[in-house]
Amino acid sequence: MTGRETNLVKNHTPDRVLVLKPKEGHTAKTTGGLVDKRIFTGENNIHAIMDPEYGHWHVKYDAGTVPQQLQQRWTSFSKLYDFVKQYYDRRNIEIVEVIG
């Protein structure tokens, strides 16, 4: 499978894990307290999930409640990704990989 074909297969996955890490030299922060450190170790993952019936995307954690600002629906993965990226950028966290 070529690199382009691999990307096309990945782009059709309805459950994608967003891998996060604190920005180098910064402390991860939230408006309400500490960030669950398990999202940096893989013990708790943040998933971008596509609803097969409507095609809308939403975010969920393996464990725990998603922050209020992320409890919405997006019409495409790219819109979800941009919103989540901006949300975590403000908290000194970056998305380093998308798996799935």
Just jot down the salt bridge (Lys or Arg N to Asp or Glu O under 4.0 Å) partners of D89, sequence neighbours excluded, or say none. K23, K85

Tested for side-chain contact (heavy atoms from CB on, under 4.5 Å) against I46, the lone hit among L18, I95, V17, D62 is L18

My understanding is that only residues two or more places apart in sequence, or in another chain, count here; which of them pass salt bridge (Lys or Arg N to Asp or Glu O under 4.0 Å) with E43? none

Those residues that, when tested against E97, pass side-chain contact (heavy atoms from CB on, under 4.5 Å) (two or more places apart): V19, I99

Partner set under ring-ring contact (aromatic ring centres under 6.0 Å, His included) for F83, not counting sequence neighbours: W74

Find out whether V84 and Y88 are in side-chain contact, i.e. whether some heavy atom of one side chain is under 4.5 Å from a heavy atom of the other. yes

Would you check if W57 and R16 make a side-chain contact, meaning some heavy-atom pair closer than 4.5 Å? yes

Quick check for you: to the nearest 0.5 Å, what is the distance between R73 atom CZ and L80 atom CG? 10.5 Å

To the nearest 0.5 Å, what is the distance between CD1 on I93 and NE2 on H26? 12.0 Å

Please check this pair: side chain of N44 against backbone of R38, looking for a donor-acceptor N/O pair closer than 3.5 Å. no

In the structure I gave you, are the side-chain heavy atoms of H56 and T75 within less than 4.5 Å of one another anywhere? yes

Could you tell me whether the side chain of V59 reaches within less than 4.5 Å of the side chain of I49, counting heavy atoms only? no

I want to check a possible cation-pi pair here: R90 against Y87, using under 6.0 Å from ring centre and within 45° of the ring axis as the test. no

Return the set of residues passing salt bridge (Lys or Arg N to Asp or Glu O under 4.0 Å) with K79 (not counting sequence neighbours), or none when no residue passes. none

What do the steps show when you test T13 against F77 for side-chain contact (heavy atoms from CB on, under 4.5 Å), and what is the final call? CA-CA 10 Å; T13 306; F77 176 77; over 6 Å; no

Taking salt bridge (Lys or Arg N to Asp or Glu O under 4.0 Å) as the test, write out the residues that go with K21, two or more places apart. E94

